[in-house]
Amino acid sequence: MIESSDLPQTRMPLNNGAGYIPALGFGTLIPDLALTRTATRDALDAGFRHFDCAERYRNEREVGEALETGLVAAGIAREDIFVTTKLWNSNHRPERVEPAFEASLDRLKLQYLDLYLIHTPFAFQPGDDQDPRDRNGNVVYDNGVTLLDTWRAMESLVDGGRCRAIGLSDIGLKELLPIYESARIKPAVVQVESHPYLPETELLELCKEKGIVFLAFAPLGHGMKPGLLEDPVISAIATRVGKTPAQVLLAWAVQRGTAVLTTPKTAARALENFDIAALPEDALNEINRIQTRQRLNDVVNTGNPGFIPRVKSA
Ligand SMILES: NC(=O)c1ccc[n+]([C@@H]2O[C@H](COP(=O)([O-])OP(=O)(O)OC[C@H]3O[C@@H](n4cnc5c(N)ncnc54)[C@H](OP(=O)(O)O)[C@@H]3O)[C@@H](O)[C@H]2O)c1
């Protein structure tokens with residue numbers, strides 16, 4: 001049983017023996033580069049030790065700078081934080097995987113990664129254009145590479161010693177199972193959209209059975225209003241337990257056995273989102289009984305994530 005005082009410190013073991021992932025993670029999907037720097041530093045200072053990045057977010061350099069200065073200022077060792085980044089769709093060809101990994105490490109100013117994820121199961125036309133389109137504006141997919149081909153290249157990164165664990169993102173059961181069965185190095189983490197409107201119970205059960213960490217994104221429903229933050233069940237529980245709706249949603253995620261990512265953009269929000277405490281069982285049950293079902297991010301169907309501007313911000 002998780003005690004209320006240790007909920008923010010919860011860690012989950014990785015199935016390959018490579019240590020633990022802190023359950024409560026800070027997501028770096030922040031289009032503004034200056035805000036990326038301050039928000040990352042605020043998250044570190046608030047207590048977050050798990051940082052979720054992606055080459056697609058085009059801000060790894062700013063995250064790396066904020067972490068480098070933040071670790072020194074607070075006297076925190078690199079080994080005491082957990083950093084993830086993701087291989088983008090246009091780098092699925094096996095020969096592109098290691099260069100993409102090295103480029104991310106370089107931008108993040110790191111010597112090793114704790115976790116490298118295949119961002120989506122969709123391969124785009126290989127190349128430096130992250131968003132290849134034909135003249136009609138349709139995404140150009142790459143049929144010349146399978147997800148298993150890409151997975152094999154990811155396994156080689158683990159063999160190389162600078163990548164401690166690998167996993168997948170934006171993937172469903174149907175695509176996960178064949179990779180799991182064929183993998184020499186099993187996926188350690190699966191990152192998908194999940195919140196009370198999209199509990200993904202079947203996938204969560206499979207992950208628990210196989211020892212895969214289920215890592216939820218959009219726990220606050222991407223902050224969209226109306227939405228989860230204003231849901232009457234969540235609001236009523238928040239009032240009852242003296243917490244905010246965001247804290248209730250994050251606590252629910254950790255207590256149901258998932259890791260979770262959140263993206264506070266100010267110091268006050270970082271402190272708020274880290275300050276979670278275990279909910280009583282009746283509150284958990286009430287949340288589990290919510291019937292609304294809603295997927296917010298269409299990325300699982302197309303490989304195109306929502307909420308990322310096409311044009312690089314200044
Ligand atoms: N694998 C994928 O395809 C994928 C896709 C999406 C996200 N992710 C990852 O998941 C992370 C989490 O992102 P998310 O959008 O899913 O997170 P989220 O926590 O569901 O939503 C973030 C939004 O919630 C608002 N918010 C944060 N804390 C709040 C609080 N205490 N009270 C009220 N509103 C609050 C913020 O709004 P303001 O803008 O007002 O601050 C922020 O824009 C991302 O950074 C990224 O690392 C992965």
Side-chain angles (χ1 to χ4, degrees), residues 8 21 23-32 35-36 38-40 42-43 46 48 50-60 62-63 82-89 104 108 115-122 130 167-172 189-198 200 203 213-231 234-235 238 243-254 258-276 294-309:
I21 179 170
L24 189 53
F26 171 73
T28 65
L29 176 42
I30 303 173
D32 184 276
L35 193 55
T36 298
T38 55
T40 303
D42 289 340
F48 284 89
H50 165 184
F51 296 84
D52 180 78
C53 314
E55 72 174 290
R56 176 64 163 146
Y57 303 163
R58 302 188 183 108
N59 61 358
E60 288 174 309
E62 288 69 26
V63 174
F82 188 101
V83 184
T84 302
T85 197
K86 312 187 192 82
L87 178 85
W88 183 239
N89 301 352
S104 280
L108 287 164
L115 175 67
Y116 199 39
L117 301 176
I118 299 181
H119 201 143
T120 87
F122 295 88
Q130 290 191 348
L168 298 135
S169 174
D170 297 319
I171 192 157
V189 175
V190 167
Q191 182 183 131
V192 292
E193 176 181 341
S194 188
H195 41 70
Y197 294 172
L198 191 68
E200 296 281 26
L203 182 61
V213 172
F214 178 111
L215 174 54
F217 73 76
L220 312 182
H222 284 315
M224 289 158 79
K225 291 184 180 175
L228 277 160
L229 288 166
E230 293 173 339
D231 182 280
I234 303 297
S235 303
K243 288 284 183 183
T244 66
Q247 290 169 327
V248 168
L249 288 161
L250 294 170
W252 172 81
V254 176
T258 76
V260 64
L261 296 171
T262 184
T263 311
K265 301 201 189 82
T266 63
R269 282 255 172 98
L271 289 167
E272 175 187 338
N273 292 6
F274 196 73
D275 180 27
I276 58 171
Q294 189 181 16
R295 180 183 292 285
L296 301 169
N297 201 317
D298 201 32
V299 60
V300 284
N301 300 318
T302 62
N304 269 315
F307 310 100
I308 300 180

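In listed order, ligands and their atoms are each counted from 1.
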Atoms of ligand 1 less than 4.0 Å from [X] heavy atoms?
X	answer
Gly221	20 (O)
Ala246	30 (C), 31 (N), 32 (N)
Gly27	11 (C), 44 (C), 45 (O), 47 (O)
Asp52	9 (C), 46 (C), 47 (O)
Thr262	19 (O)
Asp170	1 (N), 2 (C), 3 (O)

Option passing side-chain hydrogen bond (donor to acceptor under 3.5 Å, both in side chains) with Gln191 (candidates Asp170, Thr84, Asp52):
Asp52
If we set the cut-off at 4.0 Å for heavy atoms, which region of [X] has an atom near ligand 1: side chain, backbone, both, or neither?
X	value
Ala54	neither
Asn273	side chain
His195	neither
Gln191	side chain
Leu220	both
Ser169	side chain

Are side-chain heavy atoms of [X] and [Y] found at a separation under 4.5 Å?
X	Y	value
Val300	Val192	no
Phe48	Thr262	yes
Ile234	Trp252	no
Leu296	Glu193	yes
Pro264	Asp42	no
Thr36	Tyr57	no

Would you say [X] and ligand 1 have an N/O pair spaced under 3.5 Å apart?
X	answer
Asn297	no
Ala218	yes
Lys265	yes

Any donor-acceptor pair under 3.5 Å from His222 side chain to Met224 backbone
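Checked: no pair found.
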Would you call Glu60 and Lys86 a salt bridge, taking side-chain N to carboxylate O under 4.0 Å as the test?
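Result for this pair is no, no salt bridge flagged.
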Nearest 0.5 Å, please: how far is CG in Leu220 from CG in Leu250?
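Here the interatomic distance stands at 5.0 Å.
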Tyr57 touching ligand 1 at heavy-atom level, < 4.0 angstrom:
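Yes, that is the case, since the closest heavy atom of the residue is under 4.0 Å from the ligand.
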Is there a heavy atom in Leu229 that sits closer than 4.0 Å to ligand 1?
yes
What closest approach, in Å, do Thr85 and Glu55 show between heavy atoms, and which atom pair accounts for it?
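So the minimum-distance heavy-atom pair works out to OG1-N, 3.6 Å.
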